[in-house]
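Quick notes on the structure that follows.
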Amino acid sequence: MELLKKKIVEEGIVLSGQVLKVDAFLNHQIDPLLMLEIGKEFKRRFEGDPITKILTLESSGIAPSVMAGLEMNVPVVFGRKHKSLTLTDDLYVQSVYSYTKQQTNEVTVSRKFLSAEDRVLIIDDFLANGEAALGLANIVKKAGAQVAGIGIVIEKSFQPGADKLREAGYRVESLARIASLDNQKLQFVNEPAAEEDSHVQLV
Ligand code: G4P
């Protein structure tokens with residue numbers, strides 16, 4: 001998705017060989033027009049698939065998911081990482097370990113919002129090790145529902161998640177695929193290094 005790649009090149013910050021900071025438009029400040037275009041692109045890619053629901057994880061998965069839900073005319077459910085005061089009904093619970101943050105979250109989704117009739121599109125902002133997406137897919141399975149596919153805004157293809165998910169048989173649609181962040185250079189999959197250097201910040 002060219003608009004997204006342009007945004008990453010212009011406003012992304014390569015923090016290290018592993019981490020890309022995109023808090024100017026996705027992880028902290030949010031660009032609503034870009035999110036709308038992302039929603040349209042997910043709709044285009046999953047056109048014809050009878051998806052009934054989108055499942056994501058708080059917090060950064062919510063903005064692209066809501067726009068996809070708007071375009072596809074389906075509700076959006078987000079897994080919670082923190083206990084909710086009012087979410088007291090029966091829950092699906094799934095442990096999700098983050099290698100990047102080295103912490104485990106107990107992700108919960110109310111049973112009320114996922115059922116065996118659902119065909120679910122999982123959406124997340126980043127794909128690194130695949131743990132979040134696999135955890136969400138497990139919640140879908142616990143509900144007896146089907147996973148239609150996994151939509152990712154930014155895939156770090158040099159980390160194991162994408163291969164892990166595809167090998168597990170899931171359809172993975174990533175809107176931007178990053179081949180490398182080495183030497184403070186951002187390189188997309190199958191393309192030469194971006195002309196315009198992303199802002200470099202060494203940590
Ligand atoms: P995984 O789900 O693919 O296994 O990824 P991992 O656990 O390694 O990453 C977990 C968290 O780190 C996620 O945020 C993910 O968005 C974020 N993350 C991973 N790689 C990058 C990166 O290169 N840049 C940025 N900006 N974030 C990255 P989270 O804990 O769910 O936080 P949030 O959704 O509340 O923002």
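Read the numbers this way: they start at 1 and go in the same order the structure lists the ligands and their atoms. Any value given below was found using the heavy atoms of this structure, including those in side chains, with hydrogens, waters and symmetry copies removed. Each residue takes its place number in the sequence, starting with 1. Just so we're clear, the structure is a prediction, and the values are computed from it rather than from any experiment.
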Check your understanding: Does the side chain to side chain donor-acceptor pair (under 3.5 Å) test come out yes or no for S95 and E106, once each step is laid out?
Key -> CA-CA 5 Å; S95 292; E106 294 298 319; 2.7 Å; yes
Revision key, fill the gap. Check: of K156, Q159, K164, K81, min heavy-atom distance to atom 31 (O) of ligand 1 comes from K81
Study note, to complete from the structure: To atom 16 (O) of ligand 1, the nearest of L134, D125, N105 on a heavy-atom basis is D125
Exercise for review: Would you sort out whether K6 and L4 count as a side-chain contact (heavy atoms from CB on, under 4.5 Å), showing the intermediate values?
Suggested key: CA-CA 5 Å; K6 184 167 183 283; L4 172 62; over 6 Å; no
Under 4.0 Å to a heavy atom of [X] - the qualifying atoms of ligand 1, by number:
X    : result
Y99  : 7 (O), 8 (O)
N129 : 1 (P), 3 (O), 4 (O), 5 (O), 8 (O)
E58  : 34 (O)
V19  : 22 (C), 23 (O), 24 (N)
Q18  : 23 (O)

For [atom], the protein heavy atom that lies nearest, with its residue and separation:
atom                    : result
atom 5 (O) of ligand 1  : A128 CB, 3.4 Å
atom 10 (C) of ligand 1 : S98 OG, 3.2 Å
atom 19 (C) of ligand 1 : T100 OG1, 3.7 Å
atom 24 (N) of ligand 1 : L20 O, 2.6 Å
atom 36 (O) of ligand 1 : S60 OG, 2.7 Å
atom 15 (C) of ligand 1 : F126 CB, 4.0 Å
atom 35 (O) of ligand 1 : S59 OG, 2.7 Å
atom 2 (O) of ligand 1  : A132 N, 3.0 Å

Practice item. Determine whether the side chains of S157 and E155 contain a donor N or O and an acceptor N or O closer than 3.5 Å. Key: yes
Check your understanding: What are the two closest heavy atoms between I51 and V74, and how far apart are they?
Key -> O-CG1, 3.4 Å
Practice item. Please identify each residue that fulfils side-chain contact (heavy atoms from CB on, under 4.5 Å) with D31, with sequence neighbours left out. Key: K7, F25, L33, L34
**Study point:** Axial cation check for F113 ring with K53, 6.0 Å and 45° limits
**Key:** no
Point to revise | N or O contact, G130 vs ligand 1, cut-off under 3.5 Å | key: yes
Exercise for review: Please determine if V22 has a nitrogen or oxygen closer than 3.5 Å to a nitrogen or oxygen of ligand 1.
Suggested key: no
Exercise for review: Return the set of residues passing salt bridge (charged side-chain N to carboxylate O under 4.0 Å, His left out) with K142 (not counting sequence neighbours), or none when no residue passes.
Suggested key: none
Review point. Between S115 and E117, is a side chain to side chain donor-acceptor pair (under 3.5 Å) present by the stated rule, with each step listed?
Key: CA-CA 5 Å; S115 73; E117 288 75 51; 3.1 Å; yes
Exercise for review: Run through V76, V77, L121, I38 and flag the one making a side-chain contact (heavy atoms from CB on, under 4.5 Å) with S65.
Suggested key: V76
Practice item. Using atom types as modelled and distance alone, determine if a side-chain donor or acceptor of E58 lies under 3.5 Å from a backbone N or O of K81. Key: yes
**Study point:** Residue part near ligand 1, for N27, under 4.0 Å between non-hydrogen atoms
**Key:** side chain
**Study point:** Within reach of ligand 1, part of K101 (heavy-atom separation under 4.0 Å)
**Key:** side chain
Check your understanding: Would R171 and E173 pass as an ion pair if we require N to O under 4.0 Å?
Key -> yes
Review point. Any protein heavy atom sitting closer than 4.0 Å to atom 22 (C) of ligand 1?
Key: yes
Exercise for review: Look up atom NZ in K156 and atom CD1 in I178, then write down how far apart they are to the nearest 0.5 Å.
Suggested key: 8.0 Å
